[in-house]
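What follows is a short report on a single structure.
Every heavy atom of this structure was used, including side-chain atoms; hydrogens, water molecules and symmetry mates were not. Both ligands and their constituent atoms are indexed starting at 1 by order of listing.
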Amino acid sequence: MLSDQHKRQIIDEGYVQLPGVIPPERVNAARRVINASLGANGLPPDKLPIYAAQSYCPELRETDAIAGLFRDTPVITLAESLLGPVNVPAAGQVALRFPRATINPGEEPPPVRGHIDGIATPTNGVKPGTLASFTMLAGVLLSDLPDEYAGNFTVFPGSHDRFGAWFRDHDPIEMAGGMPPVEHGQPRQVTGKAGDVVFAHYLTCHGIAANLSPNIRYAIFFRVNPKGRHGYRPEAIRDMWLDWVGLHPLLGR
Ligand SMILES: O=C(O)CCC(=O)C(=O)O
């Protein structure tokens, strides 16, 4: 169950990390089907930019091994303690982050570039001029990540508040044209263990750290909305906690 401290962290920092939510058998089952897919199908070079932006192993996205990580584990109950009943995501994003082949001694890793999801790019499948917003990003780590710069999911704590403040005075659809000029703040790379789960507010700016480790980083992401809510919802961007009913008591609403 989520404690008040977990909930407070979401309010204050825009995300929370919950250790050990997914049992090891499920982590292994997900990694097994991903690795089997890579071995059987390979990675078509012409599809790599789309896979990186949307999902690797697209044929696995709706399978029990991948989509079941949300609907058949404690993740769904935890998510519903924040948002109330949710639309159960039909598919997960298979998010692999590959190591670089060479590392130059003494090289500074590049800074993590932050973004908010749902803004059209040439590869992410979002229709230009629209904003594919949602309520909560849920990430499942399938790799142990003891260190930084291993392809870590990276958040910019507190950025959700700054973006939320921006949208009190701006039409959310403006973001369809690109990231608003809002300070991202300092990045924090998420380290942890396979089976950990991260929940982040839609407005929490996030990105991917360079992978200077020798390993592929495995994770699955789900984009979650309350039941009956689909797609762009400007009122829930202007009023950034509107749909987070599980936080309303702590927010005094
Ligand atoms: O793979 C990751 O750690 C983050 C992926 C991401 O930023 C995204 O899909 O929006």
Near His206, which atoms of ligand 1 are under 4.0 Å from a heavy atom of that residue?
6 (C), 7 (O), 8 (C), 10 (O)
Which ligand 1 atoms does His115 reach within 4.0 Å, using its non-hydrogen atoms?
6 (C), 7 (O), 8 (C), 10 (O)
Aromatic plane relationship, Trp241 with Trp244 - under 30° parallel, 30 to 60° tilted, over 60° perpendicular
perpendicular
ring-ring contact (aromatic ring centres under 6.0 Å, His included) between Phe153 and His206, intermediate numbers included
CA-CA 7 Å; Phe153 176 64; His206 61 275; 5.6 Å; yes
Counting heavy atoms only, which part of Arg223 comes closer than 4.0 Å to ligand 1: side chain, backbone, both or neither?
side chain
Atom indices of ligand 1 within 4.0 angstrom of Gln93 heavy atoms, with elements:
9 (O)
Short list, please: which atoms of ligand 1 are under 4.0 Å from a heavy atom of Phe221?
1 (O), 2 (C), 3 (O), 4 (C)
Heavy-atom nearest neighbour in the protein, as seen from atom 5 (C) of ligand 1, with distance rounded to 0.1 Å
Arg97 NH2, 3.6 Å
the protein heavy atom lying closest to atom 10 (O) of ligand 1 turns out to be Asp117 OD1, 2.6 Å
Checking the side chain of Arg8 only, and the main-chain atoms of Leu250 only, is there a donor and an acceptor separated by less than 3.5 Å?
yes
Does any donor atom in the side chain of Tyr15 or Arg188 lie under 3.5 Å from an acceptor atom in the other side chain?
yes
Taking the basic N atoms (NZ, or NE/NH1/NH2) and the acidic carboxylate oxygens, is any pair closer than 4.0 Å for Arg100 and Glu107?
yes
Under 3.5 Å, is there a donor on one side chain and an acceptor on the other for Gln54 and Thr123?
no
Any nitrogen or oxygen of Asn152 lying under 3.5 Å from a nitrogen or oxygen in ligand 1? Just yes or no.
no
List the closest protein heavy-atom neighbour of atom 3 (O) of ligand 1: residue, atom name, distance to the nearest 0.1 Å.
Arg217 NH1, 2.8 Å
Phe221 ring center within less than 6.0 Å of Phe70 ring center:
no
